[in-house]
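The structure appears below as structure tokens.
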Amino acid sequence: MTPREFIAKWSAATLTERQAAQEHFIDLCRLVDHPTPAAGDATGEAYAFEKGAAKTGGGEGFADVWKRGFFAWEYKKKKRNLDAAMDQLVRYAAALENPPLQVACDIDRIRIRTAWTNLVATSIEIALEDLEDPAKLALVHAVFHDPDRLRPERTRERVTREAADKFSALALRLQGRADPEAVAHFVNQLVFCFFASSVKLLPEGMFQALIARAQKRPKRAKGNLDELFAEMRTGGEFALQDIAHFNGGLFDGQEALDLDQGDADLLMQAARLDWSEIDPTIFGTLFERFLDPGKRAQIGAHYTDPGKIMMIVEPVVLRPLRREWEAARGRISAIMEKATAKAEGLVPSRRGAVLAKARGEAEAIQLAFLERLRGLTVLDPACGSGNFLYLALQAVKDLEWRAIQEGEGLGLSPRAPEVGPEILRGIEINPLAAELARTTIWIGDIQWRIRNAIYTRPDPILRKLDTVECRDALITRREDGSVVEAGWPAAEFIVGNPPFLGGKKLIAGLGAEETETIREVYAGRMSPFSDLVCWWFDKARKQIEDGRSKRAGLVATNSIRGGRNRLTLEAIQHRLKIFEAWSDEPWIVDGASVRVSLVCFADDPPDEPMLDGLAVAAINPDLTADLPITIARRLGENADVSFIGIQKSGPLDVPGAVARRLLKEPLNVNGRPNSDVLSPWWIGIDVTRRPRDYWIINFNGLDEGAAARFEAPFEVLRREIEMYEAERGRKITRADYWRLWRSRPELFGALA
């Protein structure tokens, strides 16, 4: 069929949707030289009309035409609203195996929407008469033969980085005009307004008009923003337009900040972006780096891949819930199939009664599962900008939506999804990150509804998120000055990425007073020199043992597998069970690449143990599946053969360039060369990777006076100590500061 023949035939057609749909599609197949569904797939398994029509209890299909991996296609009568057809395809995308293209057609028009994951969606509309244009016909040809030709180039990551970069310039300008918490709150209000404007939760063009007005009269911007935020807090009217009720705690009465001309210009640049496609998991991380002065060096660095986070969320949260739904769906299917068989041959009134009774029983099972999802809780006790919580919420909402859609496929009544941010719990000590976590979750929740073509607006639009608490997760300081262990809220699931700080770096990172306080509170329960992350693991263990949680999955540096850190996993394994772990995975922490262990544990879980993606009989505390080294005993034959190396405990190491300069110095006043107190210094990383080229200053065996006679090395050490103390805000209290903390004479004695 030629384009002209096709246009002539269908421009004159006045058929109904049902009369026209299949013949129109068959003619399109002829137009682009593609098999029809019956010719291309006689089984209908991968290419069919009325995909999903075979439902228990009857009902319409999910799509008029479907081809696996290519498209889902829905027809409407001429001149009808194609948005409704597109919404149906969006709503049932999961049931249709998420095809990359969604096509809606009313004979006069073909609308093609791209739906690749993590790519910015694009929409193309082709009029009937345009099919004579070879370029337009090529687009239709690609739908049938080569969908990748229509794949968009812009990724959500790229769009998100553009938004974060432009908007963060404004955030930096606002620093110093109020306390950091007030700046963060105001910036998050603006971010959400840009997003709400892009997805039309605010009247179309209204917020952009407010920003344009601010460009002309910056001094009036604060008053206009205050007025808008006040209406968003309760719902009302602004600039003669209705404003929905947002609140949720974001619009809480706090006043906007004053803006100048430069601020207004930056806001106008941000207003030109499409905020609807931003990825909250990326935006929150990037934006936190701009807002937090301590993290600005990480700007431009990588962020944690959501796929890595799902390596925790999937086994801990989704796997048991999915098992529950599969069991419930099996019971529902059995009830409906039995009723359908029983109803065959009955008169219509009796048939309807039998099916209605069965449907009531089946819907009670489905409703019990949906209520189960709405009542569960997920805790991240170190939630940062909210990425674990965001992805956990998205996953639970996806499962709820699947249960609703599969219920419809089994003949049950449609239901509206209800799972929302109220299932989440979070603890975060950084107020900037805690504020961002709430915004990340809100934006993600709204995007999920739009992505699944659910346009009803809850009241308020933003659900309360005071369950994301800004406080310390380890200790609580009482009003009377005492310090106790911090409590965690009860939650069925615990997930997260606690802070990584080595046991030897606790004082440098937290301060001496804070470190000693934590160690005292947990005395007798934790090794005081454990890595900081171990405290979170131990608290999660106790939550499960106390019946306040059921399953947990946390990320730690891979050093949790050995030394004092392994004692934490041994305590977990003593009463609980590690059911899944990844022993040594790449991860991103504060923009830097590290190696981590992912550990999931519970009290007698039904899961088959999985280690590094493989089924094993059991997982040991050192995250191996072989004979556990923790039960090994020392062999007398190996005594005095292997030793722990020296430990410096201070800035006694110097770069190779400095050491070589010192070695060239003349003899000291004591007549000895600097080589007597300088030696190359290797640690494990120097063996496994490229050597770092560091040397150690070794004054052991010398008193302070004798050490000072090696003048240049002693002066280098003195300057290094001054910088060390200034950076950490504390003095080195060890009396013999010039010596190695552990000189290991037994090692050197064995070498002699």
_The test is side chain to side chain donor-acceptor pair (under 3.5 Å); show your working for Asp584 and Ser597 and say whether it passes._
CA-CA 5 Å; Asp584 186 26; Ser597 297; over 6 Å; no
Should the heavy atoms of other residues, nucleotides or ligands under 6.0 Å from [atom1] of [X] be counted, would the total exceed 12?
X	atom1	value
Lys648	NZ	yes
Glu326	CD	yes
Arg451	CZ	yes

*Is the shortest distance from a Lys or Arg side-chain nitrogen in Asp607 or Arg551 to a carboxylate oxygen in the other one below 4.0 Å?*
yes
*asked:* Check Asp622 with Arg561, please: is the shortest side-chain N to carboxylate O separation under 4.0 Å?
replied: no
*Could you check Glu428 against Arg471 for salt bridge (Lys or Arg N to Asp or Glu O under 4.0 Å), going step by step and ending with a plain yes or no?*
CA-CA 6 Å; Glu428 173 54 46; Arg471 64 177 176 88; over 6 Å; no
*Who are the side-chain contact (heavy atoms from CB on, under 4.5 Å) partners of Pro315, not counting sequence neighbours?*
Arg319, Phe579, Glu580, Cys600
*Taking only residues two or more places apart in sequence, or in another chain, which ones meet Glu514 in a side-chain contact (heavy atoms from CB on, under 4.5 Å)?*
Asp472, Ile475, Arg477, Leu510, Ile518
*Parallel, tilted or perpendicular for Tyr522 and Trp535, by the 30°/60° rule?*
perpendicular
*Aromatic Trp488 / basic Lys539 pairing, under 6.0 angstrom, 45° off normal*: yes
_Please confirm whether the ring centroid of Trp681 lies under 6.0 Å from the ring centroid of Tyr694._
no
*When rounded to the nearest 0.5 angstrom, what distance separates CD1 in Ile544 from CD1 in Ile494?*
6.0 Å
*Do we see a donor-acceptor contact under 3.5 Å between the side chains of Thr568 and Asp538?*
no
Does [X] use its side chain to pair, donor to acceptor, with the backbone of [Y] at less than 3.5 Å?
X	Y	value
Asn620	Leu623	no
Glu400	Leu373	no
His185	Leu250	yes
Asn452	Trp448	yes
Glu324	Arg372	no

*Can you see which heavy atom on Asn565 is nearest to which on Ser559, and at what distance?*
ND2-O, 3.3 Å
*Partners passing side chain to side chain donor-acceptor pair (under 3.5 Å) against Glu720 (at least two apart in sequence or in another chain)*: none
